[in-house]
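Each remark here refers to the structure printed beneath this line.
Values in this document were obtained by computation on a predicted structure and should not be read as measured data. Numbering of residues begins at 1 and proceeds along the displayed sequence. Remember, it's 1-based here, ligands and their atoms both numbered in the order they're listed.
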Amino acid sequence: NDLSTGWFTEVFQNEGTAFSLKVKAKLHEEQSEYQKLEIYETETFGNLMVIDGCVMLTTRDNFLYHEMMTHPALFTHKNPKKVVVIGGGDCGTLKEVLKHPGVEEAWQVEIDERVTRLSEKYFPELCESNEDPRANFFFGDGIKWMADAAPNSIDIIIVDSTDPVGPAEGLFAVDFYRNCMVALREGGIVVQQSESPLLHTDSIIKNVQKDMRDAGFESVRTLPFPQPVYPTGWWSATMAGKNHVLKYFREEDAEQRPFVTRYYNKKVHQAALALPQFMRDILHTE
Ligand code: PUT
């Protein structure tokens, strides 16, 4: 990345495209035990976190992703009490989870503690629930954590990972989903961030759905949503239910939610359940 131009650019080599943000300053750079971490101050999107050259989040638009990774699943489950976030070191997903008063215990299982420490400094608004007595933090390998989790002990697992290359690849795998299936209680739900509908429906999304079904989840659904700073500006979350049909959600509770959201609401959730025709054709689903 040549910052002498005043722009940070993430190049999507395979797609022949790129995304740029005008930056004011580089605030931080380090090589952690696991990855290269960078923080920039941008002209119009607030702070920007970059991991190994890929945009992870900005102050301005992360609410879209964090809300859609969280609230559809929590309003689909009938009464989620224990929620585990695998990854999600910036604490944005954890913050959304803790907005639900019925949640009694939430875990964030992040491999790279430095991501959380940098988020505390540069994205403090995402970390404002970290002192909530229901919040628990484990810094270590999420794949191993899930393999060791007690059977029938979790209501919702949210896999808020980086892209499926390198260490995160093992989170997009049938063995991992099998362990999720064991760890979930009846009616439990696993949610996986599943990349761009435009770029990845015929590859990553299709494979995630297949792996989830092969792991024993009967009901699987992908919900698209906007995310301007990710490739194509369009992203997705794929949910799978343990003996739970995901077509319906607690619409009244979503409408009456006792907390503030900026993107999620009942109608947004309904709309996200409607797939574009090309996704229906590829995924052979309604
Ligand atoms: N947490 C999702 C990261 C995706 C970056 N392309």
Query raised in the report: Judging by distance only, is a nitrogen or oxygen of W235 under 3.5 angstrom from one on ligand 1?
Result: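 Min N/O separation from ligand 1 is not below 3.5 Å for W235.
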
Query raised in the report: Above 12 or not: heavy atoms from other molecules or residues under 6.0 Å from CD of E33?
Result: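 It does not: E33 CD has 12 such atoms or fewer within range.
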
Query raised in the report: Does the gap between the ring centers of F225 and H269 come in under 6.0 Å?
Result: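 That pair fails the under 6.0 Å test.
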
Which atoms of ligand 1 are found less than 4.0 Å from any heavy atom of [X]?
X: V55; value: 5 (C)
X: S161; value: 1 (N), 2 (C), 3 (C)
X: D160; value: 1 (N)

Requested in this report: Could you find the nearest protein heavy atom to atom 4 (C) of ligand 1 and give me its residue, atom name and distance?
Outcome: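 Among all protein heavy atoms, the one nearest atom 4 (C) of ligand 1 is D163 OD1, 3.3 Å.
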
Query raised in the report: Any idea which protein heavy atom is nearest atom 3 (C) of ligand 1, and the distance to it?
Result: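 Checked against all protein heavy atoms, atom 3 (C) of ligand 1 sits closest to Y230 OH, 3.5 Å.
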
I'd like to know if the side chain of [X] pairs up with that of [Y] as donor and acceptor (distance under 3.5 Å, no hydrogens or angles considered).
X: Q193; Y: W235; result: yes
X: E67; Y: Y65; result: no
X: T232; Y: S196; result: yes

